[in-house]
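Being a predicted model, the structure only gives us computed values, none of them experimental.
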Amino acid sequence: MQKNPYLKLEVLNSSKALIGYFYMMLVMFFTSTSSLVTSYMNTIIRVDSIHANFLNLWMLPGYICGAIICFWWFRWQRWRFRRLIAGGMLCYVIYLAILYFGMTPNERYEMLYFPMFLRGMGMMILFIAFGVYVVEDMNPKLMIYNAFFLIACRSAIAPALSSAFFSNMIYRMQLRGMALLSENMSLDNPLAAQQYNQSLNSALAQGHSITEATQLATNSLYTTLQTQSLLLALKTIIGYVLIFAIIIMVISRFTPFHKTLKVEIVKTSEDMV
């Protein structure tokens with residue numbers, strides 16, 4: 001057995017470390033809902049990739065606000081640590097609630113600015129809070145090993161599991177939604193018949209043959225069915241995640257993590273002496 005192993009599992013003996021790693025993974029789980037937002041922008045409201053990527057920049061003000069809140073909290077704290085955690089989770093709850101009630105086929109792209117800001121602020125608050133919480137009573141010799149587990153849980157395990165979960169759920173929910181919606185997709189349905197006839201007449205007016213026009217009208221109905229089933233799947237998944245986030249927020253609000261924690265801020269002049 002090596003005297004100086006590359007990895008020490010003693011870190012996992014700390015309950016605070018396990019709680020911190022668990023919350024880090026939860027934060028990344030909620031943050032991974034960005035894949036749902038991307039699907040909504042690309043498929044439902046037809047936003048190009050440039051604007052879809054630009055939307056992530058609205059998380060930067062959230063990062064700054066979250067960092068300022070944590071600096072103030074740990075420097076001049078007057079309330080329990082649990083309130084900070086509940087506040088960070090509240091940002092995710094509001095973010096998910098806006099997405100759930102705001103996702104419609106005719107919604108504006110600008111509607112997503114504020115939710116992205118809240119997501120960035122909540123993520124920064126919880127990352128900083130549990131980063132401090134995990135190392136509060138930890139042996140300094142174990143700090144480097146704690147960094148490994150922290151990064152592994154936050155940046156490797158959680159994103160991979162979350163991405164796989166949401167991708168699988170979107171696929172399954174969309175197929176289920178298409179099966180449900182297609183039951184009423186017939187000419188007996190006035191709305192379906194109206195859209196079919198409009199597409200058919202439009203194709204005939206453009207000079208297509210009756211066979212081609214029929215195929216185009218059918219494809220138009222299928223595209224509408226696919227879009228509606230995806231929107232239904234996104235709102236269903238976000239709804240369940242919203243309920244889960246509310247539960248975690250309430251649990252965090254009443255969980256006695258520890259006593260009030262203050263972090264000493266050393267002045268630059270004293271630090272440089």
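- Applying the 4.5 Å side-chain rule to ILVMFWY residues, one finds Ile243, Ile247 in the same cluster as Ile251.
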Report task. Carefully, step by step, assess Leu230 and Ile170 under the rule side chain to side chain contact (heavy atoms under 4.5 Å, CB included). Result -> CA-CA 7 Å; Leu230 177 59; Ile170 288 177; 3.9 Å; yes

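- Hydrophobic cluster membership differs between Met41 and Ile50, with clusters built from Ile, Leu, Val, Met, Phe, Trp and Tyr side chains linked at under 4.5 angstrom.
- Closest heavy-atom contact between Met138 and Met143: O-CE, 4.0 Å.
- Atom CZ of residue Phe74 and atom CG of residue Leu84 lie 5.5 Å apart, to the nearest 0.5 angstrom.
- Listed here is the closest heavy atom pair of Ala52 and Val47: N-CG1, 3.8 Å.
- Counting only heavy atoms from C-beta outward, the side chains of Cys65 and Phe117 approach each other to under 4.5 Å.
- Rounded to the nearest 0.5 Å, atoms CG (Leu99) and CD1 (Ile238) are 5.0 Å apart.
- In this structure the side chain of Arg82 never reaches within 4.5 angstrom of the side chain of Phe254, judged on heavy atoms.
- A chain of hydrophobic side-chain contacts below 4.5 Å, direct or via other Ile, Leu, Val, Met, Phe, Trp or Tyr residues, connects Tyr113 to Phe101.
- By the 4.5 Å heavy-atom criterion applied to side chains, Lys235 and Tyr40 are not counted as neighbours.
- Tracing side-chain contacts under 4.5 Å through hydrophobic residues (I, L, V, M, F, W, Y), one reaches Leu55 starting from Met111; they form part of the same cluster.
- If you take CG on Leu96 and SG on Cys91, they are separated by 11.0 Å, rounding to the nearest 0.5 Å.
- Ile94 and Leu118 get closest at one heavy-atom pair: CG2-CD1, 3.4 Å.
- Across Gly66 and Ile125, no two heavy atoms sit closer than the pair CA-CG1, 3.7 Å.
- Following chains of ILVMFWY side-chain contacts shorter than 4.5 Å, one cannot reach Tyr63 starting from Ile68, and the two form parts of different hydrophobic clusters.
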Query - Worked check of side chain to side chain contact (heavy atoms under 4.5 Å, CB included) between Leu12 and Tyr21 - result: CA-CA 10 Å; Leu12 302 179; Tyr21 302 154; 4.0 Å; yes

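- With a 4.5 Å cut-off on side-chain heavy atoms, Ser34 and Met116 do not count as touching.
- Side chains of Tyr133 and Ile19 form a contact here, defined as non-hydrogen atoms less than 4.5 Å apart.
- Linking ILVMFWY residues whenever their side-chain heavy atoms come closer than 4.5 Å, directly or via other members, places Met249 and Phe22 in the same cluster.
- With sequence neighbours excluded, the residues forming a side chain to side chain contact (heavy atoms under 4.5 Å, CB included) with Met169 are Phe165, Met173, Ile237, listed by chain and number.
- No more than 12 heavy atoms of other residues, nucleotides or ligands lie within 6.0 Å of OH in Tyr171, so this atom counts as exposed by the packing criterion.
- How far CE of Met121 is from CE of Met123: 12.0 Å, rounded to the nearest 0.5 Å.
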Report task. Determine, step by step, whether Phe244 and Leu26 satisfy the side chain to side chain contact (heavy atoms under 4.5 Å, CB included) criterion, reporting the C-alpha distance in whole Å, the side-chain angles of both residues, the deciding distance to 0.1 Å, and the verdict. Result -> CA-CA 10 Å; Phe244 181 55; Leu26 278 181; 3.7 Å; yes

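- A 4.5 Å side-chain heavy-atom check between Asn56 and Arg119 finds at least one atom pair inside the cut-off.
- Pro105 and Ile44 get closest at one heavy-atom pair: CA-CG2, 3.7 Å.
- Hydrophobic cluster membership of Leu161, counting Ile, Leu, Val, Met, Phe, Trp and Tyr whose side-chain heavy atoms lie under 4.5 Å apart directly or via other members: Met25, Ile157.
- Formation of a donor-acceptor pair under 3.5 Å by the Ser14 side chain with backbone atoms of Val11 is not found in this model.
- When each of Phe166, Tyr23, Tyr92, Tyr95 is paired with Phe30, the ring-ring contact (aromatic ring centres under 6.0 Å, His included) condition holds for Tyr92 and for no other.
- Taking CG of Leu18 as the reference point, atom CZ of Phe149 lies at 9.5 Å (rounded to 0.5 Å).
- Across every non-hydrogen atom of Met24 and Gly131, the tightest pair is CE-N, 3.7 Å.
- Taken to the nearest 0.5 Å, the CD1 atom of Ile69 stands 11.0 Å off from the CE atom of Met124.
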